[in-house]
Amino acid sequence: MELQGKVALVTGAGSGIGAASALLLARAGARVGALGHTEDELQATAARIRDGGGEAMPLLADVASPEEMGGAVERLAGAYGRLDIAVANAGINGVWAPIDELAPEEWDRTIAVNLRGTFLTLRCAVPWLKRAGGGAVVIVSSINGTRTFTGAGATAYACSKAAQLALGQMAAVELGKHGIRVNVVCPGAIETEIGDNTQQRHTEAAAVPAEHPAGEIPLTGERPGRAEDVAELVLFLASGRSRHISGSPVWIDGAQSLLM
(Lines give C-alpha, C1' and ligand atoms only; values in the text may rest on other atoms or scores of the structure.)
Protein backbone atom coordinates (compact mmCIF):
# COMPACT_ATOMS: atom_id res chain seq x y z
CA MET A 1 0.00 0.00 0.00
CA GLU A 2 2.79 2.41 -0.91
CA LEU A 3 0.32 4.96 -2.29
CA GLN A 4 -1.91 4.98 0.77
CA GLY A 5 -3.44 8.45 1.19
CA LYS A 6 -2.57 9.52 -2.37
CA VAL A 7 -5.05 10.59 -5.04
CA ALA A 8 -4.41 9.69 -8.68
CA LEU A 9 -5.97 10.82 -11.95
CA VAL A 10 -5.79 8.36 -14.86
CA THR A 11 -7.06 9.39 -18.30
CA GLY A 12 -8.19 6.84 -20.82
CA ALA A 13 -9.07 4.64 -17.85
CA GLY A 14 -11.88 2.74 -19.49
CA SER A 15 -9.69 0.10 -21.12
CA GLY A 16 -6.19 -1.06 -21.96
CA ILE A 17 -3.20 0.57 -20.27
CA GLY A 18 -5.39 3.16 -18.55
CA ALA A 19 -7.65 0.60 -16.92
CA ALA A 20 -4.71 -1.60 -15.89
CA SER A 21 -2.91 1.43 -14.40
CA ALA A 22 -6.00 2.60 -12.52
CA LEU A 23 -6.46 -0.87 -11.02
CA LEU A 24 -2.82 -1.20 -9.98
CA LEU A 25 -2.61 2.29 -8.48
CA ALA A 26 -5.76 1.56 -6.49
CA ARG A 27 -4.33 -1.75 -5.33
CA ALA A 28 -1.32 0.21 -4.06
CA GLY A 29 -3.65 2.35 -1.96
CA ALA A 30 -4.40 5.38 -4.15
CA ARG A 31 -7.89 6.79 -4.53
CA VAL A 32 -8.35 6.91 -8.29
CA GLY A 33 -10.18 9.24 -10.63
CA ALA A 34 -10.89 7.12 -13.72
CA LEU A 35 -11.39 9.56 -16.59
CA GLY A 36 -12.58 8.79 -20.09
CA HIS A 37 -15.30 9.38 -22.67
CA THR A 38 -17.22 6.08 -22.46
CA GLU A 39 -19.34 5.92 -19.34
CA ASP A 40 -20.01 2.18 -19.22
CA GLU A 41 -16.27 1.42 -19.50
CA LEU A 42 -15.45 3.88 -16.71
CA GLN A 43 -18.13 2.42 -14.48
CA ALA A 44 -16.71 -1.05 -15.13
CA THR A 45 -13.19 0.08 -14.17
CA ALA A 46 -14.49 1.78 -11.03
CA ALA A 47 -16.48 -1.33 -10.11
CA ARG A 48 -13.39 -3.53 -10.45
CA ILE A 49 -11.45 -1.16 -8.19
CA ARG A 50 -14.22 -1.18 -5.58
CA ASP A 51 -14.56 -4.96 -5.77
CA GLY A 52 -10.87 -5.12 -4.86
CA GLY A 53 -11.40 -2.92 -1.82
CA GLY A 54 -10.24 0.32 -3.43
CA GLU A 55 -11.85 3.70 -3.96
CA ALA A 56 -12.62 5.14 -7.39
CA MET A 57 -14.46 8.05 -8.97
CA PRO A 58 -15.58 7.75 -12.62
CA LEU A 59 -15.01 11.02 -14.50
CA LEU A 60 -16.71 11.42 -17.87
CA ALA A 61 -14.82 14.00 -19.97
CA ASP A 62 -13.30 14.70 -23.36
CA VAL A 63 -9.56 15.15 -22.81
CA ALA A 64 -9.44 17.71 -25.64
CA SER A 65 -11.98 19.99 -23.92
CA PRO A 66 -10.52 22.47 -21.40
CA GLU A 67 -13.92 22.98 -19.80
CA GLU A 68 -14.63 19.26 -19.35
CA MET A 69 -11.11 18.49 -18.14
CA GLY A 70 -11.11 21.39 -15.71
CA GLY A 71 -14.44 20.33 -14.30
CA ALA A 72 -13.41 16.69 -13.96
CA VAL A 73 -10.16 17.44 -12.15
CA GLU A 74 -11.93 19.89 -9.84
CA ARG A 75 -14.49 17.20 -8.96
CA LEU A 76 -11.78 14.68 -8.14
CA ALA A 77 -9.42 16.95 -6.22
CA GLY A 78 -12.29 18.80 -4.59
CA ALA A 79 -13.81 15.57 -3.30
CA TYR A 80 -10.56 14.27 -1.81
CA GLY A 81 -8.88 17.58 -1.07
CA ARG A 82 -5.73 16.84 -3.05
CA LEU A 83 -4.14 15.36 -6.15
CA ASP A 84 -0.76 13.60 -6.09
CA ILE A 85 -0.48 11.64 -9.34
CA ALA A 86 -1.57 12.32 -12.93
CA VAL A 87 -1.33 9.63 -15.60
CA ALA A 88 -1.89 11.15 -19.06
CA ASN A 89 -2.73 8.01 -20.98
CA ALA A 90 -5.72 8.81 -23.20
CA GLY A 91 -4.90 8.47 -26.88
CA ILE A 92 -5.96 7.25 -30.30
CA ASN A 93 -4.13 5.87 -33.30
CA GLY A 94 -6.37 7.93 -35.57
CA VAL A 95 -5.99 7.80 -39.34
CA TRP A 96 -2.85 6.32 -40.88
CA ALA A 97 -2.45 7.44 -44.49
CA PRO A 98 0.16 8.92 -46.85
CA ILE A 99 0.97 12.56 -46.01
CA ASP A 100 -0.60 13.88 -49.21
CA GLU A 101 -3.81 11.96 -48.52
CA LEU A 102 -4.15 12.72 -44.82
CA ALA A 103 -6.96 15.24 -44.39
CA PRO A 104 -6.30 18.26 -42.15
CA GLU A 105 -9.25 17.33 -39.96
CA GLU A 106 -7.84 13.82 -39.52
CA TRP A 107 -4.49 15.30 -38.47
CA ASP A 108 -6.28 17.70 -36.10
CA ARG A 109 -8.26 14.93 -34.40
CA THR A 110 -5.16 12.86 -33.59
CA ILE A 111 -3.26 15.90 -32.32
CA ALA A 112 -6.27 17.06 -30.29
CA VAL A 113 -6.67 13.81 -28.37
CA ASN A 114 -3.04 12.77 -28.00
CA LEU A 115 -1.20 16.07 -27.56
CA ARG A 116 -3.79 18.67 -26.59
CA GLY A 117 -5.32 16.10 -24.23
CA THR A 118 -1.94 15.53 -22.56
CA PHE A 119 -1.35 19.28 -22.26
CA LEU A 120 -4.79 19.83 -20.72
CA THR A 121 -4.26 16.96 -18.28
CA LEU A 122 -1.08 18.64 -17.02
CA ARG A 123 -2.58 22.13 -17.12
CA CYS A 124 -5.49 21.06 -14.92
CA ALA A 125 -3.52 18.75 -12.61
CA VAL A 126 -0.39 20.81 -11.93
CA PRO A 127 -2.02 23.45 -9.67
CA TRP A 128 -3.25 20.66 -7.41
CA LEU A 129 0.12 18.88 -7.47
CA LYS A 130 1.75 22.13 -6.39
CA ARG A 131 -0.73 22.46 -3.53
CA ALA A 132 0.15 18.94 -2.43
CA GLY A 133 3.81 19.94 -2.22
CA GLY A 134 4.85 17.78 -5.15
CA GLY A 135 3.77 14.72 -7.04
CA ALA A 136 4.27 12.59 -10.12
CA VAL A 137 3.13 12.87 -13.72
CA VAL A 138 3.38 9.91 -16.08
CA ILE A 139 2.75 10.49 -19.78
CA VAL A 140 2.03 7.45 -21.95
CA SER A 141 3.67 8.02 -25.34
CA SER A 142 4.87 5.28 -27.73
CA ILE A 143 7.93 3.87 -29.47
CA ASN A 144 6.43 5.51 -32.58
CA GLY A 145 7.86 8.98 -32.98
CA THR A 146 10.40 8.49 -30.19
CA ARG A 147 12.50 5.57 -31.47
CA THR A 148 10.58 4.00 -34.36
CA PHE A 149 9.63 5.66 -37.65
CA THR A 150 8.59 2.77 -39.90
CA GLY A 151 4.83 2.81 -39.26
CA ALA A 152 3.54 3.47 -42.77
CA GLY A 153 1.16 6.42 -42.77
CA ALA A 154 1.48 7.05 -39.03
CA THR A 155 2.69 10.64 -39.40
CA ALA A 156 0.06 12.33 -37.23
CA TYR A 157 0.29 9.64 -34.56
CA ALA A 158 4.11 9.64 -34.48
CA CYS A 159 4.25 13.44 -34.34
CA SER A 160 1.81 13.52 -31.43
CA LYS A 161 3.87 10.94 -29.55
CA ALA A 162 7.16 12.72 -30.22
CA ALA A 163 5.61 15.95 -28.95
CA GLN A 164 4.40 14.19 -25.79
CA LEU A 165 8.00 13.35 -25.00
CA ALA A 166 9.10 16.95 -25.57
CA LEU A 167 6.21 18.19 -23.43
CA GLY A 168 7.16 15.81 -20.64
CA GLN A 169 10.80 16.85 -20.67
CA MET A 170 9.97 20.56 -20.75
CA ALA A 171 7.57 20.05 -17.85
CA ALA A 172 10.15 18.06 -15.87
CA VAL A 173 12.54 21.02 -15.97
CA GLU A 174 9.87 23.61 -15.23
CA LEU A 175 8.16 21.73 -12.41
CA GLY A 176 11.18 20.26 -10.66
CA LYS A 177 11.39 23.18 -8.25
CA HIS A 178 7.87 22.31 -7.11
CA GLY A 179 8.81 18.72 -6.32
CA ILE A 180 6.86 17.44 -9.32
CA ARG A 181 8.45 14.64 -11.35
CA VAL A 182 7.43 14.07 -14.98
CA ASN A 183 8.34 10.93 -16.90
CA VAL A 184 7.30 9.42 -20.21
CA VAL A 185 6.43 5.77 -20.85
CA CYS A 186 6.93 4.55 -24.43
CA PRO A 187 5.23 1.18 -25.04
CA GLY A 188 5.73 -0.97 -28.08
CA ALA A 189 3.24 -3.64 -29.16
CA ILE A 190 0.80 -4.09 -26.27
CA GLU A 191 -2.44 -6.07 -26.18
CA THR A 192 -5.01 -3.25 -25.96
CA GLU A 193 -8.13 -2.04 -27.78
CA ILE A 194 -6.40 0.94 -29.44
CA GLY A 195 -6.77 -0.76 -32.81
CA ASP A 196 -10.51 -0.12 -32.54
CA ASN A 197 -9.90 3.59 -33.21
CA THR A 198 -7.41 3.08 -36.03
CA GLN A 199 -8.26 3.75 -39.67
CA GLN A 200 -5.67 2.78 -42.26
CA ARG A 201 -5.97 4.08 -45.80
CA HIS A 202 -3.54 3.35 -48.67
CA THR A 203 -0.68 2.85 -46.19
CA GLU A 204 1.14 0.69 -48.74
CA ALA A 205 1.90 3.90 -50.66
CA ALA A 206 3.79 5.25 -47.64
CA ALA A 207 5.59 2.03 -46.76
CA VAL A 208 9.34 1.52 -47.16
CA PRO A 209 10.56 -2.10 -47.38
CA ALA A 210 12.44 -3.23 -44.29
CA GLU A 211 13.73 -6.63 -43.23
CA HIS A 212 13.70 -7.65 -39.59
CA PRO A 213 15.07 -10.75 -37.83
CA ALA A 214 12.66 -13.58 -37.19
CA GLY A 215 10.42 -12.60 -34.30
CA GLU A 216 9.46 -8.93 -34.22
CA ILE A 217 10.05 -8.60 -30.45
CA PRO A 218 13.47 -9.93 -29.37
CA LEU A 219 12.34 -10.65 -25.81
CA THR A 220 9.10 -12.47 -26.59
CA GLY A 221 9.07 -13.29 -30.30
CA GLU A 222 5.61 -12.66 -31.72
CA ARG A 223 3.93 -12.16 -28.34
CA PRO A 224 3.13 -8.52 -27.52
CA GLY A 225 3.35 -7.11 -24.03
CA ARG A 226 0.36 -6.80 -21.71
CA ALA A 227 -1.32 -3.68 -20.43
CA GLU A 228 -0.43 -4.88 -16.94
CA ASP A 229 3.28 -4.78 -17.84
CA VAL A 230 2.99 -1.08 -18.63
CA ALA A 231 0.90 -0.50 -15.51
CA GLU A 232 3.74 -1.85 -13.37
CA LEU A 233 6.04 0.77 -14.88
CA VAL A 234 3.44 3.49 -14.32
CA LEU A 235 3.18 2.47 -10.65
CA PHE A 236 6.95 2.59 -10.24
CA LEU A 237 7.18 6.07 -11.79
CA ALA A 238 4.24 7.29 -9.69
CA SER A 239 5.73 5.99 -6.45
CA GLY A 240 8.51 7.17 -4.19
CA ARG A 241 10.72 4.38 -5.50
CA SER A 242 11.47 6.60 -8.53
CA ARG A 243 12.05 9.72 -6.42
CA HIS A 244 15.16 10.83 -8.37
CA ILE A 245 13.84 10.05 -11.85
CA SER A 246 12.36 12.92 -13.86
CA GLY A 247 12.37 13.91 -17.52
CA SER A 248 13.12 10.35 -18.59
CA PRO A 249 11.59 8.37 -21.45
CA VAL A 250 11.31 4.68 -20.65
CA TRP A 251 10.78 2.31 -23.56
CA ILE A 252 8.80 -0.80 -22.62
CA ASP A 253 8.79 -2.93 -25.75
CA GLY A 254 10.96 -6.01 -25.25
CA ALA A 255 13.64 -4.31 -27.43
CA GLN A 256 11.20 -4.16 -30.35
CA SER A 257 12.08 -0.58 -31.29
CA LEU A 258 15.76 -1.44 -31.63
CA LEU A 259 14.94 -3.50 -34.70
CA MET A 260 12.45 -1.20 -36.43
Side-chain angles (χ1 to χ4, degrees), residues 11-12 14-18 36-37 62-64 87-121 138-170 183-213 215-227 229-230 233-234 249-260:
T11 70
S15 62
I17 292 170
H37 63 86
D62 177 358
V63 293
V87 180
N89 163 76
I92 60 172
N93 273 348
V95 176
W96 290 24
I99 290 175
D100 53 339
E101 293 186 22
L102 188 66
E105 58 271 21
E106 294 169 339
W107 166 278
D108 290 345
R109 176 59 179 160
T110 300
I111 299 300
V113 175
N114 294 357
L115 183 55
R116 178 182 170 93
T118 299
F119 160 69
L120 289 175
T121 299
V138 181
I139 296 172
V140 179
S141 177
S142 172
I143 62 172
N144 291 285
T146 61
R147 208 154 68 170
T148 296
F149 298 90
T150 54
T155 303
Y157 179 76
C159 286
S160 72
K161 293 299 170 177
Q164 281 183 309
L165 175 54
L167 172 59
Q169 292 180 319
M170 288 293 294
N183 290 291
V184 183
V185 173
C186 302
I190 303 293
E191 293 177 342
T192 70
E193 296 79 19
I194 196 169
D196 295 343
N197 55 48
T198 305
Q199 180 185 341
Q200 295 188 346
R201 186 174 66 242
H202 301 155
T203 54
E204 68 282 356
V208 175
E211 293 184 8
H212 305 293
E216 293 184 0
I217 304 174
L219 188 63
T220 58
E222 298 296 329
R223 180 174 59 80
R226 302 174 305 146
D229 298 331
V230 184
L233 178 56
V234 170
V250 184
W251 288 275
I252 177 166
D253 65 350
Q256 175 190 3
S257 59
L258 297 176
L259 296 179
M260 302 178 70

* Asked: Taking only residues two or more places apart in sequence, or in another chain, which ones meet Arg226 in a salt bridge (charged side-chain N to carboxylate O under 4.0 Å, His left out)?
  -> Asp229
* Straight-line distance of Arg116 CZ to Asp62 CG, nearest 0.5 Å -> 9.0 Å
* **Heavy-atom closest pair, residues Ser160 and Tyr157** => OG-O, 2.7 Å
* Any idea which heavy atoms bring Asn114 and Thr118 closest together, and the distance? -> O-OG1, 2.7 Å
* To do: Give the minimum heavy-atom separation between Pro224 and Ile217, together with the two atoms involved.
  => CA-CD1, 3.8 Å
* Walk me through it: do Val185 and Ile252 pass the test side chain to side chain contact (heavy atoms under 4.5 Å, CB included)? => CA-CA 7 Å; Val185 173; Ile252 177 166; 3.8 Å; yes
* For side chain to side chain contact (heavy atoms under 4.5 Å, CB included), just list the numbers for Ile92 and Arg109, CA-CA rounded to whole Å, side-chain angles, deciding distance to a tenth of an Å, and then say yes or no. => CA-CA 9 Å; Ile92 60 172; Arg109 176 59 179 160; 4.0 Å; yes
* Without swapping roles, check the side chain of Asp253 against the backbone of Pro187 for a donor-acceptor pair under 3.5 Å. => no
* Asked: Could you state the interatomic distance from CD1 (Ile99) to CH2 (Trp107), rounded to the nearest 0.5 Å?
  -> 8.5 Å
* Asked: Mind checking whether Asn183 and Ile139 have side chains closer than 4.5 Å, heavy atoms only?
  -> no
* For Val230 and Ile190, run side chain to side chain contact (heavy atoms under 4.5 Å, CB included): C-alpha distance rounded to whole Å, both residues' side-chain angles, the deciding distance at 0.1 Å, then the answer. => CA-CA 9 Å; Val230 184; Ile190 303 293; 3.8 Å; yes
* Asked: Can you name the nearest heavy-atom pair linking Ser257 to Thr148, along with the distance?
  -> CB-OG1, 3.3 Å
* **Closest approach of Val184 to Gly168 (non-hydrogen atoms, all atoms of both residues)** => CG2-CA, 4.1 Å
* Test item: Leu115 and Lys161 side chains (from C-beta on) under 4.5 Å apart, heavy atoms -> no
* Tell me, with the steps shown, if Cys186 and Ser142 meet side chain to side chain contact (heavy atoms under 4.5 Å, CB included). => CA-CA 4 Å; Cys186 302; Ser142 172; 5.7 Å; no
* **Straight-line distance of Asn144 CG to Thr150 OG1, nearest 0.5 Å** => 7.5 Å
* Is the shortest heavy-atom distance from the side chain of Val250 to the side chain of Leu233 under 4.5 Å? -> yes
* Nearest heavy-atom neighbours spanning Val140 and Gln164 -> O-OE1, 3.3 Å
* Can you check whether Ala103's main-chain N or O pairs, donor with acceptor, with Glu106's side chain at less than 3.5 Å? -> yes
* **Separation of Ser141 OG from Asn89 CG (nearest 0.5 Å)** => 11.0 Å
* Can you list the residues that meet the side chain to side chain donor-acceptor pair (under 3.5 Å) rule with Gln256, with sequence neighbours excluded? -> none
* **Gap separating the CE atom of Met170 from the CG atom of Leu165, nearest 0.5 angstrom** => 12.0 Å
